[in-house]
Amino acid sequence: MAFPETVTLVASVPATFDNNFAVRDQDMRNLYEKAKRDQWNASTDIRWDKDFDPEKGILPEGLIDIYGTKYWERLNRKEQLELNRHFSAWRISQLMYGEQFAMLVCSQLVNILPTLDSKFFMATQVVDEARHAEVLSRYVLEKLGVAYPLTSSLKNLFDQILEMPQWYLKTVGTQLVAETLAVSLFRMFEQHSPDPLISSICKRVLADESRHMGFGMLSLPEQMQELSEKERDEVEDFACEAAAGLLGGQFPREAYEAVGFSKAEVDDIKQMRHEIAQKNEYVFFRKYFKKDFHSSLWNNMSRCGLMSDRAIARLGSMGITAPQQAAAA
Ligand SMILES: [Fe+2]
Ligand SMILES: [Fe+2]
């Protein structure tokens, strides 16, 4: 399927001018100070020429669905590395679109947020997300040599968040849920990728992401307390929906097709992956990503007052349980 060069969405947001220039939220100003202090440059702070060696592989092999199966054994080492390159390009492409989405939604937030303290910080997140989109796209285009389209499940979620008028729903979808997931992915890639270049990029991105999640934690809890019970239920539902939207529909079909698997084989791989996930034997993913994401999401939603019995049941149906239960699983 051809992917259009640009996609335009009409998503108007209110623009609030804050006439009070005094500092009213010192914690938010401190976060803004940290953001100014810790800026980095994707052109000069990444060792683009020194670190990359595709012969070692890109992302951890254990993440590739067919790793350890008959399909994997059938490939010679060169073909396994080629599949890793396409798989990694597919996976990092999704993050690359996510970074551009984050830049767009944060630029909306600069307008909507009610106070100058939070607008100042959010202006820095716009720059951070531009840098993340820049660094990941450069890696994908220059090093991996192939980019893949955004999945429809992510596109639907991004569009929905861009169209929402309330700042707190955008923040729940972006800083609370999507960035919690992105941090777990970046952390796993940073610690376990055979390629030191992507590992160093993820390390840089993670340092910025902790500020972004910090914005959610500083701004959301108080706002959630001001909502009616009905409104808070809607926010909780949306947080669960966003988590489902991020986790679903993420099968890299095009990467398998690119290395010569037939449609029937790719269907079989998809089915196999589903069965493995059901049996909870998807070891690498479970060990490094799932546990981390589930406990972070649980903790962050709890801190924002978004963990009623309804949310617990809804997350439970997605296999997301309280951290101590997850640890025992
Ligand atoms: Fe980012
Ligand atoms: Fe971010």
Side-chain angles (χ1 to χ4, degrees), residues 28 31-43 45-46 59 88 91-110 112-113 118-141 147 150-151 154-155 157-158 161-162 164 167-191 193 197-220 239 242-243 245-246 250 289 292-293 296-297 299-301 303-304:
M28 193 64 83
L31 200 58
Y32 172 59
E33 283 300 323
K34 276 190 194 144
K36 288 189 290 178
R37 185 192 67 193
D38 295 342
Q39 291 296 303
W40 52 279
N41 185 339
S43 305
D45 292 328
I46 300 291
L59 293 180
S88 302
R91 180 61 55 212
I92 301 168
S93 291
Q94 304 309 315
L95 287 166
M96 173 180 88
Y97 294 107
E99 301 295 354
Q100 186 181 165
F101 154 75
M103 179 180 74
L104 297 184
V105 79
C106 290
S107 72
Q108 291 183 320
L109 283 168
V110 172
I112 314 173
L113 286 166
S118 52
K119 287 175 190 290
F120 278 176
F121 172 75
M122 196 46 62
T124 70
Q125 190 175 344
V126 175
V127 183
D128 291 349
E129 303 302 357
R131 182 170 53 246
H132 298 172
E134 176 200 352
V135 75
L136 291 185
S137 61
R138 183 166 170 186
Y139 183 81
V140 165
L141 299 176
L150 177 66
T151 63
L154 288 181
K155 183 178 185 314
L157 179 66
F158 293 169
I161 295 174
L162 285 166
M164 287 171 156
W167 73 262
Y168 57 83
L169 282 177
K170 289 179 192 288
T171 298
V172 164
T174 309
Q175 279 89 354
L176 182 66
V177 183
E179 294 196 310
T180 298
L181 180 132
V183 161
S184 298
L185 277 181
F186 283 125
R187 202 177 281 147
M188 178 173 64
F189 294 166
E190 187 225 334
Q191 290 172 2
S193 292
L197 179 55
I198 191 65
S199 177
S200 68
I201 289 172
C202 291
K203 189 174 181 185
R204 287 279 187 180
V205 171
L206 277 167
D208 296 339
E209 293 302 339
S210 63
R211 293 194 300 275
H212 305 166
M213 290 174 72
F215 169 80
M217 292 306 128
L218 282 182
S219 62
L220 285 172
L246 288 164
Q250 298 297 298
F289 168 80
D292 189 28
F293 172 59
S296 303
L297 183 68
N299 290 335
N300 292 347
M301 282 179 67
R303 282 172 66 185
C304 294

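What you see is a predicted model; the values in this text were computed from it and never measured. Atoms within each ligand, like the ligands themselves, are counted from 1 in listed order.
Atoms CG and CZ, from L185 and F289 in turn, are 4.5 Å apart once rounded to the nearest 0.5 Å. We find the CG-CG distance between L136 and L95 to be 6.5 Å, quoted to the nearest 0.5 Å.
Atom NZ of K203 has 12 or fewer heavy atoms from other residues, nucleotides or ligands within 6.0 Å.
The list of salt bridge (charged side-chain N to carboxylate O under 4.0 Å, His left out) pairs with a residue in residues 169-191, not counting sequence neighbours, reads R187-D292.
In this structure R138 satisfies the salt bridge (charged side-chain N to carboxylate O under 4.0 Å, His left out) test together with E142, sequence neighbours excluded. Every side-chain hydrogen bond (donor to acceptor under 3.5 Å, both in side chains) that D208 has, sequence neighbours left out, goes to W40, R131, H132, R211.
Taking 2.8 Å as the limit, the number of protein N, O or S atoms around the Fe ion (ligand 1) is 4.
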